[in-house]
Q: 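Before I ask anything, let me first share the structure, which is written out below as structure tokens.
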Amino acid sequence: MELWFTEHHTPNVRFSIKVDRQLYSGRSEFQRIDIFDSKEFGRFLTLDGYMMLTEMDEFIYHEMITHVPMCVNPDAHDILVIGGGDGGTVRELLRYPTVRHIDLVEIDELVVEVCKKYLPQTAGCLGDPRVTIHYEDGLKYVRHAEDAYDLIIVDSTDPFGPGEGLFTKEFYGNCYKALREDGIMVNQHESPFYQQDAYAMQRAHKRIVDSFPISRVYQAHIPTYPSGHWLFGFAAKKRHPVKDVNWVRWNAIGLKTRYYNTQLHAGAFALPNYVEKMLRDVEPES
Ligand code: SAM
């Protein structure tokens, strides 16, 4: 008997992965949590039936959400990661000896516990002494932070369920306040392709543009996310993500990566015309 994991990317489009075994299934007060094992993608985590990460392709997402901002500001010492309970984002940040402290604000302790047990590839680093995990709502946590972080990475689920508050104007405004004068915020920014994802992306972009003087979007292809065309938001108080970058300095750090490189960084901000139009359509008249 064959077992398949299927995610509905739209009411008319499904994405399925053949599963060898289901390793875990449980429910926290926030969401259903499942871990599967598969030939094609290795182990993978889903929350409420939505794909979060697979062992095979998580490097793409976690490298792009971390090394782009770290290349723009390699002096980022104090970092806030909101969501990210699987540990992949934290793992990549810890590779920088200059990173002093990471506050990981994950609403669901069970996600961390399950990932520590079944996904050591991403969660194995969460015991690092530079990491403090706060099991609380990122929306509430950031209300009380001011001038505290060089970088905020919003590694959240989608804008419904527990993640909904992490796509609001209030949240982005409080992230701005929580950042230092040279601060950068990067967020998981949905996708331009399917209608529901595109609408969520435009809504998030408008709210970020209203909160930050510099707001750009960059892209990567992530095979297991809806359409494979995924976006990240880059917002900053001062730094432009491509113009103000010391590429030589980042390359001199000597980090070995499988997806990110500084040429791809610059190119990732060159978006398809239809995506540029979606963004322009929600930006204030210049
Ligand atoms: N890379 C994945 C993606 O792009 O969908 C996200 C990975 S991570 C598993 C997302 C995490 O965000 C989950 O562990 C979830 O519990 C957490 N989360 C959702 N809403 C949150 C909130 N309001 N505050 C803090 N963490 C939240």
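These figures come from a predicted structure and were not determined experimentally. We count residues from 1, following the sequence as given. Each ligand, and each atom within it, is numbered from 1 in the order the structure gives.
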Q: So that I know where these two stand, are His265 and Phe269 an aromatic pair - ring centroids less than 6.0 Å apart?
A: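 Yes, ring centres under 6.0 Å apart.
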Q: Determine, stepwise, if the pair Asp281 / Gln202 fulfils side-chain hydrogen bond (donor to acceptor under 3.5 Å, both in side chains).
A: CA-CA 8 Å; Asp281 285 349; Gln202 285 185 297; 4.7 Å; no
Q: Would a line drawn from the ring center of Tyr61 to the ring center of Phe232 be shorter than 6.0 Å?
A: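 Under 6.0 Å, so yes.
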Q: Answer with side chain, backbone, both or neither: which part of Val111 has a heavy atom less than 4.0 angstrom from an atom of ligand 1?
A: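 Side chain only.
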Q: Can you sort out which atoms of ligand 1 are near Val105, meaning under 4.0 Å from one of its heavy atoms?
A: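 The list of qualifying atoms is 25 (C), 26 (N).
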Q: What do you reckon, does Tyr61 put a non-hydrogen atom under 4.0 Å from ligand 1?
A: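 The answer is yes: ligand 1 sits under 4.0 Å from a heavy atom of Tyr61.
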Q: Asp155 heavy atoms, cut-off 4.0 Å: which ligand 1 atoms fall inside?
A: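 The atoms of ligand 1 under 4.0 Å from a heavy atom of Asp155 are 1 (N), 2 (C), 6 (C), 7 (C), 8 (S), 10 (C), 11 (C), 12 (O).
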Q: Which residue holds the protein heavy atom closest to atom 24 (N) of ligand 1, what is that atom called, and what is the gap in Å?
A: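 Result for atom 24 (N) of ligand 1: Gly138 N, 2.8 Å.
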Q: Let me confirm one number: the OG1-CG distance from Thr46 to Leu53, rounded to the nearest 0.5 Å.
A: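 Separation between the atoms: 10.0 Å.
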Q: Can you check which of Trp230, Tyr141, Phe232, Tyr225 brings a heavy atom nearest to atom 1 (N) of ligand 1?
A: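 That would be Tyr225.
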Q: Output, in order, the C-alpha distance, side-chain angles, deciding distance and verdict of side chain to side chain contact (heavy atoms under 4.5 Å, CB included) for Arg249 and Asp75.
A: CA-CA 11 Å; Arg249 184 171 171 198; Asp75 295 318; 2.6 Å; yes
Q: Which label fits Phe212 and Tyr176: parallel for a plane angle under 30°, tilted from 30 to 60°, or perpendicular past 60°?
A: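 Geometry flag for Tyr176 against Phe212: perpendicular rings.
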Q: Is it true that the side chains of His101 and Asp103 contain a donor and an acceptor less than 3.5 Å apart?
A: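 Per modelled atom types, His101 and Asp103 side chains form a pair under 3.5 Å.
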Q: Could you tell me which atoms of ligand 1, counted from 1 in the order shown, lie closer than 4.0 angstrom to a heavy atom of Asp137?
A: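 Counting atoms of ligand 1 from 1, those under 4.0 Å from Asp137 are 22 (C), 23 (N), 24 (N).
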Q: I need the atoms of ligand 1 closer than 4.0 Å to a non-hydrogen atom of Asp86, numbered in the order shown.
A: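 Numbered from 1, ligand 1 contributes 7 (C), 8 (S), 9 (C).
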Q: Can you figure out which of Gly87, Gly88, Ser28, Ser156 has its heavy atom closest to atom 5 (O) of ligand 1?
A: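 The nearest heavy atom belongs to Ser156.
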Q: Do any nitrogen or oxygen atoms of Leu45 lie less than 3.5 angstrom from nitrogen or oxygen atoms of ligand 1?
A: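 Looking only at distances, the answer is no, because the N/O contact criterion of under 3.5 Å is not met.
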Q: Nearest non-hydrogen atom to atom 16 (O) of ligand 1 belongs to which of Glu106, Gln188, Glu58?
A: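 It is Glu106 whose heavy atom sits nearest to atom 16 (O) of ligand 1.
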Q: Can you tell me which residue and heavy atom of the protein come closest to atom 12 (O) of ligand 1, and the distance to 0.1 Å?
A: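 Heavy-atom neighbour on the protein nearest atom 12 (O) of ligand 1: Gly83 CA, 3.4 Å.
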Q: State if Gln31 counts as touching ligand 1 under the rule of any non-hydrogen atom under 4.0 Å.
A: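 Gln31: in contact with ligand 1 (<4.0 Å).
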Q: Would you mind listing every ring-ring contact (aromatic ring centres under 6.0 Å, His included) that reaches into residues 28-49, with sequence neighbours excluded?
A: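 As it turns out, the ring-ring contact (aromatic ring centres under 6.0 Å, His included) pairs with a partner in residues 28-49, which skip direct neighbours, are Phe5-Phe36, Phe5-Phe44, Phe36-Phe44.
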Q: Should you measure from each heavy atom of Asp108, which atoms of ligand 1 turn up under 4.0 Å away?
A: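 Per the distance check, 16 (O).
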Q: Do His221 and Tyr259 have their ring centres less than 6.0 Å from each other?
A: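 Ring-ring flag for His221/Tyr259: true, centres closer than 6.0 Å.
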Q: So which protein heavy atom does atom 19 (C) of ligand 1 come closest to, and at what separation?
A: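 Answer, as residue, atom name and distance: Thr157 OG1, 3.3 Å.
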Q: Can you tell me how the ring of Tyr274 sits relative to the ring of Phe193, calling it parallel under 30°, perpendicular over 60° and tilted otherwise?
A: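 Taking Phe193 first and then Tyr274, their aromatic rings stand perpendicular (interplane angle over 60°).
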Q: Nearest protein heavy-atom contact for atom 18 (N) of ligand 1: which residue, which atom, what distance?
A: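 For this ligand atom, the closest protein heavy atom is Ile107 CG2, 3.8 Å.
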Q: Step by step, would you call Asp197 with Ser227 a side-chain hydrogen bond (donor to acceptor under 3.5 Å, both in side chains)?
A: CA-CA 10 Å; Asp197 297 332; Ser227 82; over 6 Å; no
Q: Does any N or O atom in Pro162 lie less than 3.5 angstrom from one in ligand 1, N or O only?
A: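 Checking ligand 1 against Pro162, an N or O pair does fall under 3.5 Å apart.
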Q: Of all the atoms in ligand 1, which lie at a distance below 4.0 Å from a heavy atom belonging to Glu136?
A: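 Listed by number with element, the hits are 24 (N), 25 (C).
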Q: Geometry only, no angles: is Leu166 polar-contacting ligand 1 at N/O separations under 3.5 Å?
A: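 It does not: no N or O of Leu166 is found under 3.5 Å from an N or O of ligand 1.
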Q: Please tell me whether Glu58 and His62 have a donor and an acceptor in their side chains that are separated by less than 3.5 angstrom.
A: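 Per modelled atom types, Glu58 and His62 side chains form a pair under 3.5 Å.
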